[in-house]
Structures are given as C-alpha cells and as structure tokens.
There are 2 protein chains.
Amino acid sequence: MTKSGLEAYEQLCDEISRLHHEFSPRLGQIAEFALANPNAMAFETVAQLADLADVQPSSFVRFAKAVGYEGCSSMQQVFRARLMDHQPSYDERIRALRQRDLEGAAPFALLNDFSVAATEGLAHLRETVRPEQLERAVSLLAGGSIVYVLGLRRSFPVAAYLAYAIGKLQRSVNLIDGIGGMLEEQASCIKARDTLLAVSFRPYADEAIGVVREAHERNASIVCITDGPLNPLARMADSVLEVRDAEVEGFRALSASMCLALTLVVALGRRVEDL
Amino acid sequence: MTKSGLEAYEQLCDEISRLHHEFSPRLGQIAEFALANPNAMAFETVAQLADLADVQPSSFVRFAKAVGYEGCSSMQQVFRARLMDHQPSYDERIRALRQRDLEGAAPFALLNDFSVAATEGLAHLRETVRPEQLERAVSLLAGGSIVYVLGLRRSFPVAAYLAYAIGKLQRSVNLIDGIGGMLEEQASCIKARDTLLAVSFRPYADEAIGVVREAHERNASIVCITDGPLNPLARMADSVLEVRDAEVEGFRALSASMCLALTLVVALGRRVEDL
DNA sequence: TCAAATATAGAAAATTCATTCCAAATAATG
DNA sequence: CATTATTTGGAATGAATTTTCTATATTTGA
C-alpha cells in the first residue's frame with residue numbers, strides 16, 4: 001500500500017524534531033516555525049513563509065534540503081498531502097473501492113464491494129444532508145394537498161417506493177410514471193397547492209425535466225432528490241436533497257436514495273400525526 | 001462574527017450551482033470539475049487544473065471571473081480556506097454528527113437512525129449470503145432464455161430496478177407487475193426454459209405466490225429474494241437469497257435489497273460477457 | 001588574535017505562473 | 001445563406017516564484 005499523506009507528514013515532523021538540536025540558529029528557527037504552522041507551510045509561497053518566519057527565502061531552501069528534499073516545492077507537497085488526507089473526498093473513496101473490485105470478479109466479491117460502497121454512500125448522506133433541508137422538504141410534503149411523485153428510468157424504483165409508502169400513510173399520492181404514454185396528461189393534473197416530489201439522477205431524463213418545469217409554472221411546490229447540485233431541476237425546486245449513490249459500471253445501487261426516501265416518508269407520517 | 005472558510009466555500013458552491021445552467025459548455029465543464037475536486041482546486045496551479053479538467057488555462061480564468069472573482073488566485077483562496085478551517089479528526093466528525101443530531105430537528109435524527117439501520121442491514125447481508133448461493137442464482141439467471149421479474153407492493157421497487165438494470169444488459173427481461181389486472185396473463189407466458197426472479201417480503205402477497213406456483217408448475221427456474229426462510233416461496237425456488245432490511249414503523253428501507261439486486265445484475269452481466 | 005570553516009543575507013537568474021489578448025471556430029440571428 | 005455575436009484555443013506577456021550564487025558575517029579551533 002502506498003504511503004498516506006498523514007504518514008508522510010508525521011515522518012517529516014519526526015525528522016525535523018530529530019535534527020532540530022544540530023541545526024544552525026536560523027535553520028532551527030525555521031524548524032520551529034514549520035512545526036508550529038503546518039497550514040502556512042502548505043499554502044504560502046516561500047517568499048511569504050520567509051516573511052512570516054522572519055528569515056530569508058534562501059534559508060528556507062536550505063532548510064528543505066537539510067531535511068532531505070530537493071527544494072521547497074517538494075517539501076511543500078508533504079504539508080499539502082496532509083490536508084488532502086484529512087478529507088478524502090467521496091469520489092476518491094469510491095474510486096479506491098472500484099480499484100479493488102476489479103480484482104475479484106466472483107459474485108460474492110462483488111457483493112462485498114457493493115455493500116461497502118453502499119455503506120459509504122449512507123455515511124456520505126448523513127454527513128452532507130443538512131437538518132434544515134430535510135425539515136423544509138418534509139414541510140413542503142406535508143403542506144401539499146396532493147403529493148405527486150416523479151421518477152423515470154433508473155429513478156423509477158425510488159419513486160415507486162415513495163408513492164407506495166406515502167400511500168400507506170393514507171395521504172393522496174400520485175405516481176407519475178408515464179404509463180400508456182400519458183406523461184403529460186398526468187403532469188397536467190398538478191395544481192398550485194400540490195407538491196411534486198421529483199427524483200432524478202444523471203443523465204437527467206428530458207421528460208422529467210419537462211414535468212418539473214410544468215409543475216413549476218403551475219406554482220406547485222417542488223422537492224427534488226438528485227445526485228448533485230448541477231442539475232437542471234435544482235433551480236426550479238423549493239427544496240433539494242442531494243444523494244450520491246455509488247455507481248458501478250453504470251449502475252447505481254440506490255441504497256442511500258432508498259434510505260432517504262424512507263426517512264422522508266416516516267418524517268412526513270409523524271408530522272401529519274402531530275397536526 | 002467573521003465568515004468561516006467553510007461558509008465561504010459553501011457559498012461559492014451554491015453560486016456555481018446557481019450559475020451552472022447559464023454557463024457555456026466549457027464553463028459548465030469547469031464548474032463540474034470544481035465541485036467534484038475541491039482539493040485539487042485548493043492546491044494545484046491553474047496550468048495543472050486546466051490539464052486535469054481538460055481545458056485551457058484561459059478558460060479557468062474566465063470561469064473565476066464568471067463566478068465573481070478577480071482571477072483564479074482569489075477564487076483559490078476560498079478553496080484553501082475550506083481546508084484550513086476544516087480539518088476535523090474522525091472523532092470530531094462523529095461528535096459533530098451527534099451534535100447535529102441532538103440540536104437538529106426530528107427528521108434529521110430519523111435519517112441518522114435509518115442510515116445506521118441500513119448500514120447494519122448491509123453488514124448482515126455480507127455475513128449471511130453464501131458465495132455458492134449467489135453463484136447458483138447468477139447461473140440460473142444466465143441460463144434462462146427470458147428472465148421474468150416479479151415483485152408486488154413493497155417489493156415492487158426492487159423488481160422494477162432489477163428489470164431496468166437487466167434490460168440494460170441487453171437481455172430479454174419481463175417485469176410482471178400486474179398492470180391492467182393482467183397478472184395471470186403475464187404469468188402464463190413463463191415457459192420451462194425461462195427463469196423467474198421473484199422478490200417477496202412479508203406479508204407475502206397471495207398474487208405473488210400464485211405466480212410463483214404457476215412458474216413452478218411450468219418447470220421454470222426460480223430465484224427468490226426474500227426476507228426469511230419461513231416463506232411459502234422458498235420451497236418452490238431453485239435458489240433462495242435472504243435479505244433482512246431494517247424495518248421501521250412498518251416500512252422497509254430496501255437498501256440491502258437494492259444492493260443485492262445490483263450485485264446480481266452486475267454479476268450476471270459479467271457472466272454473460274465471459275461466455 | 002588570527003585563519004579556516006561555516007552560516008547568512010541579499011541580489012541575480014532562471015523558471016514558472018496567472019493573466020491578457022487576439023484569431024479561429026462555433027453558435028445565434030436576420 | 002450571410003452577418004453578427006459568443007465562445008474557445010493558444011500564444012504572448014509581464015509579474016511572481018523558486019532557486020542559485022556570491023559577498024559578508026559569524027563561529028570555531030589553535
């Protein structure tokens with residue numbers, strides 16, 4: 001396994017500490033500065049660092065060489081990697097996962113990888129959804145006299161689940177599924193007091209966009225479950241909930257989406273009960 | 001109070017999202033890159049970013065100006081401030097989550113509970129499904145000349161997903177959904193060389209049992225996804241896969257089921273590819 | 001105290017960088 | 001189809017950055 005950013009950083013700190021007592025005064029001064037200001041070391045230019053540490057830029061270069069690097073630039077990479085490492089992006093984690101799943105192709109290995117990916121997706125969901133967003137979405141759903149649920153193609157299973165579950169709450173719910181080619185007819189039922197709950201993932205189906213636009217023009221409330229902020233639906237929506245299910249070979253597991261859907265439904269049920 | 005690095009960053013993200021739809025193609029491309037790679041945006045030089053995003057450096061400068069900055073450098077400060085500000089350890093992240101859970105509204109607490117429950121469901125799935133069961137299920141699916149997918153009521157979303165995904169593999173697939181009251185007619189198409197993939201959770205719908213029985217009598221292969229061994233379908237099935245999604249107030253999240261479904265589909269795709 | 005060695009400061013040089021500008025390409029308009 | 005407006009690619013520019021170099025200062029050891 002390749003060395004992580006944090007490890008390299010800690011190793012460098014150790015090295016600096018070890019050498020500190022045998023450094024010349026100026027180098028020692030820089031060593032202390034470096035250990036005390038790792039953020040600055042990561043971001044500032046040598047000139048700025050020199051200014052902050054009250055030394056000459058050339059001293060910084062000598063320092064970098066003294067601890068074993070070719071120059072300041074390569075030393076700086078270590079301080080940067082540390083910050084990167086602290087926050088591995090969701091994409092990076094999933095990419096790492098995908099790397100592994102290429103090795104074992106057996107179905108069981110797949111199940112393992114996908115379930116780990118789904119777990120990551122759920123964790124991501126917890127971390128990124130903001131309480132007030134959820135709150136708002138539930139309010140909009142509770143406020144609509146009829147809830148319309150939209151989801152086509154890959155989003156359809158989520159929409160179907162939402163419609164089923166909301167229906168069990170004894171609320172008026174309508175699944176816009178485009179059955180019999182009647183998408184527009186279904187959409188045209190949406191009125192101003194209603195709420196449209198739209199589920200849409202990339203690539204965003206044109207028909208779905210059309211339905212949302214129509215609902216928007218009719219002044220219906222719109223709650224949108226989607227996979228990213230760069231989404232043609234987002235700007236028409238009154239509430240946007242972001243989910244990022246791991247995608248493998250073009251398929252999304254929808255595990256996190258389903259979890260969010262369940263949350264919305266149960267929260268809606270409680271809200272309605274309380275009234 | 002002075003604006004934190006994180007706030008500024010989130011504000012910038014919002015702005016990018018808001019403007020995305022009116023950007024030119026190249027600017028849109030950069031917008032997506034920026035949101036997907038905030039780390040790179042913080043550290044890399046414009047030339048490197050341009051290379052990564054596959055655009056010209058000048059386009060990056062145009063982008064920075066389009067979102068309201070004087071140039072790339074000032075925009076980059078925002079991405080850097082985010083990392084400066086925000087270097088939580090794992091423990092801190094957990095604590096922050098608890099904090100939000102406590103002070104946050106009820107729906108968010110629900111989301112937390114459900115996502116934890118779903119995570120446990122996934123772990124359970126990993127632990128209980130045996131490799132040879134999966135192998136067998138995939139073989140049966142690969143062997144059938146037509147795959148029929150059955151799932152009614154709460155199981156319907158899983159079935160819909162399976163049908164959609166198997167269809168994308170260019171295989172003949174047929175979703176038995178009982179549309180137009182034609183459940184029996186749909187079921188009567190199943191022949192001996194076909195495979196029925198039945199999804200059924202408690203309380204097992206009578207109609208579903210009927211369809212499986214009919215398929216069984218016609219000597220079709222039967223793969224069953226269900227929630228326990230005490231299931232009327234199990235004894236007719238050639239392969240049984242057991243999933244236990246967490247249940248809350250009578251609702252199942254289906255997260256684990258979706259994960260298993262994805263696994264079956266991708267494994268099937270690979271199996272067919274290899275032939 | 002004096003020479004030798006080492007460390008430092010600061011200027012200079014060589015890169016690299018962000019930005020600008022203009023021409024080519026593309027899309028919109030009449 | 002011709003014209004106009006946008007958008008895009010890529011070279012040019014000038015500022016900034018890292019690094020090297022050298023004269024000066026400081027320390028070391030006799």
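None of these values were measured; they are calculated from a predicted model.
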### Query
Rounded to the nearest Å, what distance is computed from the CZ atom of residue A:Phe43 to the P atom of nucleotide D:dT18?
15 Å
### Query
In whole Å, what is the span from the CZ atom of B:Phe23 to the P atom of D:dT6?
17 Å
### Query
Would you find a donor on one side and an acceptor on the other, under 3.5 Å apart, between the side chain of A:Glu44 and the backbone of A:Met41?
no
### Query
Can you tell me if the side-chain N/O atoms of A:Ser73 get under 4.0 Å from OP1 or OP2 in D:dT17?
no
### Message
Tell me whether the NZ or CZ atom of A:Arg252 lies within the 45° cone about the ring axis of A:Phe201 and under 6.0 Å from its centre.
### Response
yes
### Task
Could you walk me through whether A:Met236 and A:Leu196 pass the side-chain contact (heavy atoms from CB on, under 4.5 Å) test, one step at a time?
CA-CA 11 Å; A:Met236 294 187 277; A:Leu196 173 64; over 6 Å; no
### Message
Checking the side chain of B:Asn37 only, and the main-chain atoms of B:Ala34 only, is there a donor and an acceptor separated by less than 3.5 Å?
### Response
no
### Query
Is the centre of the A:Phe156 ring less than 6.0 Å from the centre of the B:Tyr161 ring?
no
### Query
Does the B:Arg80 side chain pair with the main chain of A:Phe43, one donor and one acceptor, at a distance under 3.5 Å?
yes
#### Entry: Ring centroid separation B:Phe79 to B:Tyr9 under 6.0 Å
yes
### Query
To the nearest angstrom, how far is A:Glu44 atom CD from D:dT18 atom P?
10 Å
### Task
Determine yes or no for a side-chain-to-main-chain donor-acceptor pair under 3.5 angstrom, with A:Gln29 supplying the side chain and A:Ala53 the backbone.
yes
Protein and nucleotides 20-29 of chain D: nitrogen or oxygen contacts under 3.5 angstrom:
unit_1: D:dT20; atom_1: OP2; unit_2: A:Lys65; atom_2: NZ; d: 2.4

### Spacing of A:Gln48 atom CD relative to D:dA16 atom P, expressed in whole Å
11 Å
### Task
Write down the distance between CD (B:Gln29) and P (D:dG9), rounded to a whole number of angstrom.
8 Å
### Query
Over how many whole Å does the gap from B:Leu27 atom CG to D:dT6 atom C1' extend?
12 Å
### Query
5' to 3' on DNA chain C, which nucleotides open and close the contacts with chain B (atom under 4.0 Å from a heavy atom)?
C:dC17 to C:dT20
### Message
Expressed as a whole number of angstroms, how long is the span from A:Gln56:CD to D:dT18:C1'?
### Response
14 Å
### Message
Taking A:Gln77's backbone N and O only, do any of them form a donor-acceptor pair with A:Arg82's side chain (distance below 3.5 Å, no angle check)?
### Response
no
